[in-house]
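One structure below.
All figures in this text were calculated on a predicted structure; none of them were measured in a lab.
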Protein chains: 2
Amino acid sequence: MTEPRRRPGPKRALTEEAVLDAALTLLDTDGPGAASIRRIAAALGVSPNSVYTYLPDKSAIEQALVERLLGDLNRAAPGGDDWRADLEALALDLRRRLTAHPGAVPLLLGGAMNGPEALLLGERLLDLLDRAGLAATEAARGAYLIMSYVLGAIALEVADVPRAGALAPERDRIAARRAAMSQVPAAMFPRTAAAVDVTATWIGTEQYLWGLRRVLDGLSTHA
Amino acid sequence: MTEPRRRPGPKRALTEEAVLDAALTLLDTDGPGAASIRRIAAALGVSPNSVYTYLPDKSAIEQALVERLLGDLNRAAPGGDDWRADLEALALDLRRRLTAHPGAVPLLLGGAMNGPEALLLGERLLDLLDRAGLAATEAARGAYLIMSYVLGAIALEVADVPRAGALAPERDRIAARRAAMSQVPAAMFPRTAAAVDVTATWIGTEQYLWGLRRVLDGLSTHA
DNA sequence: CTTATCTCCGCACACCGTACAGCATTCGCT
DNA sequence: AGCGAATGCTGTACGGTGTGCGGAGATAAG
């Protein structure tokens with residue numbers, strides 16, 4: 001069984017790394033949908049088909065991009081001694097990284113979380129909930145619950161601003177949302193109109209953390 | 001100020017209603033992304049540009065589709081005397097309707113929930129939480145929490161099967177997921193491997209309801 | 001009837017993912 | 001050193017997408 005002739009590699013002007021870099025930059029610059037193969041190749045000064053040398057197709061690019069983001073998250077493990085603080089830090093970190101690249105959020109939401117980094121994130125969640133004293137079954141269901149909440153909250157936040165690539169500062173986004181929500185007719189949606197000051201902050205960090213804590217409360221009281 | 005000449009309307013082979021019907025059928029048949037303007041027009045036996053007579057662009061179609069689904073949900077109001085039962089019924093109904101049209105889920109997740117039906121759904125949520133005895137601020141934050149959880153859970157569920165248009169029965173999907181998750185290397189992800197029996201059911205109705213109840217628990221204990 | 005208005009159509013443009021075939025480069029082996 | 005094979009990249013091409021523009025025909029108001 002001889003070796004399959006090894007690879008003679010001629011030039012290698014690209015890398016999978018470089019492709020993903022270019023894709024993420026495009027997403028950040030021009031919003032979701034800007035990470036087309038042709039535009040990535042153009043940004044790299046290369047023919048569109050060259051990209052296919054490193055990644056089999058577009059969905060592989062998207063998946064690898066998500067994996068990279070989750071990998072960065074996993075690599076930045078805090079690891080204190082308070083499980084609740086660690087969990088909150090993890091959730092905040094995930095949100096921070098995703099809102100930093102809002103164009104990549106649809107990729108995370110659209111694909112199944114099958115990759116190694118996604119699994120590792122799940123593993124970390126299970127470990128945190130184990131440290132919280134939850135039984136195995138409770139921990140597994142709790143991980144699902146936390147994941148659902150976090151993803152849903154981020155989806156809601158990012159969907160609110162579908163336009164450009166980068167997100168405005170949180171203060172400005174909340175102000176814009178408050179202005180928009182003030183337009184709803186109070187006659188038709190009285191409670192919504194009355195609660196504008198709160199619902200305007202739905203997309204804020206504080207509300208995100210508040211919801212996470214309610215989730216953890218619900219988990220704790222059940223255990 | 002004379003009338004603007006009224007409309008003489010020639011044929012009118014289409015309706016906005018018919019366009020949305022065709023779009024939803026395509027989504028159900030051929031999965032997300034199948035609701036292209038050209039395919040909708042073809043299904044209606046009409047030129048692609050005729051669609052633009054009724055809807056200004058593709059995003060309007062998607063938005064109207066989401067509004068229709070939410071409208072159906074809002075029209076089917078249960079309205080018992082137990083707020084918790086009503087809330088669970090509403091959440092289950094939303095999930096049922098979305099998993100019945102998995103191709104439409106990305107549309108809901110991708111767009112801001114600005115339309116009248118989306119606002120009405122929020123209003124109903126606020127009303128339910130008011131009946132639960134929550135203060136106005138708590139109710140508004142609680143509505144956000146519930147919405148985040150529900151959307152995230154549905155996103156997780158649908159993302160798990162990105163292939164065809166229709167979803168297989170829940171039993172089969174869970175079995176397939178269990179088979180897939182059994183492949184994860186226990187050496188690398190010990191907790192995940194040990195919890196496969198639970199994580200396989202993440203996409204099931206029971207788990208969805210369990211999570212919702214934990215969310216409501218967290219809301220109640222906080223109030 | 002004339003004329004304004006509306007619906008629908010054909011064409012065209014720019015962009016997308018990607019299959020196919022070719023070409024130059026570079027390595028492993030003799 | 002020379003040769004053959006494998007590799008990275010390219011150009012071309014096909015079918016698909018959203019949609020802007022101009023025109024054709026039908027209809028109702030005057």
Worksheet item: Taking atom types as modelled and ignoring hydrogens, do the side chains of B:Asn49 and B:Ser47 form a donor-acceptor contact shorter than 3.5 angstrom?
Response: no
Practice prompt. May I ask you to verify if any side-chain N or O of A:Ser50 is less than 4.0 angstrom from the OP1 or OP2 atom of D:dT10?
Written response: yes
Worksheet item: Which of the following nucleotides, D:dC9, D:dT10, C:dG10, is nearest to the side chain of A:Ser47?
Response: D:dT10
Discussion item. List the residues meeting salt bridge (charged side-chain N to carboxylate O under 4.0 Å, His left out) with B:Glu123, not counting sequence neighbours, and say none if there are none.
Written reply: none
Worksheet entry | Nearest-angstrom distance from the residue atom CG of B:Leu44 to P of C:dC9 | 10 Å
Worksheet item: Are A:Arg177 and A:Glu170 within salt-bridge range, i.e. N to O under 4.0 Å?
Response: no
Practice prompt. Specify the separation, in whole Å, of atom CZ of B:Arg12 and atom P of C:dC6.
Written response: 10 Å
Please list, for nucleotides 14-18 of chain C, all pairs of protein and nucleotide N/O atoms separated by less than 3.5 Å.
unit_1	atom_1	unit_2	atom_2	d
C:dC16	OP1	A:Ser36	OG	2.7
C:dG17	OP1	A:Ile37	N	3.1
C:dG17	OP1	A:Lys58	NZ	3.1
C:dG17	OP2	A:Ile37	N	2.9
C:dG17	OP2	A:Arg38	N	3.4
C:dG17	N7	A:Arg38	NH1	2.4
C:dG17	O6	A:Arg38	NH1	2.8
C:dT18	OP2	A:Tyr52	OH	3.0
C:dT18	OP2	A:Lys58	N	3.0
C:dT18	O5'	A:Tyr52	OH	3.2
C:dT18	O4	A:Arg38	NH1	3.2

Discussion item. Rounding to an integer number of Å, can you tell me how far B:Leu55 CG sits from C:dC8 P?
Written reply: 13 Å
Fill in: Reference residue A:Arg95; test salt bridge (charged side-chain N to carboxylate O under 4.0 Å, His left out); the match among A:Glu206, A:Glu88, A:Glu157
A:Glu157
Worksheet item: Is the closest basic N to carboxylate O distance between A:Asp72 and A:Arg68 below 4.0 Å?
Response: no
Fill in: d(CG, B:Asp30; P, D:dT17) in whole Å
11 Å
Worksheet item: With respect to the side chain of B:Leu14, which nucleotide from D:dT10, C:dC9, C:dC8 is positioned closest?
Response: C:dC8
Item to complete: Check whether any side-chain N or O of A:Tyr208 sits under 3.5 Å from a backbone N or O of A:Ala91 as a donor-acceptor pair, and report yes or no.
Response: yes
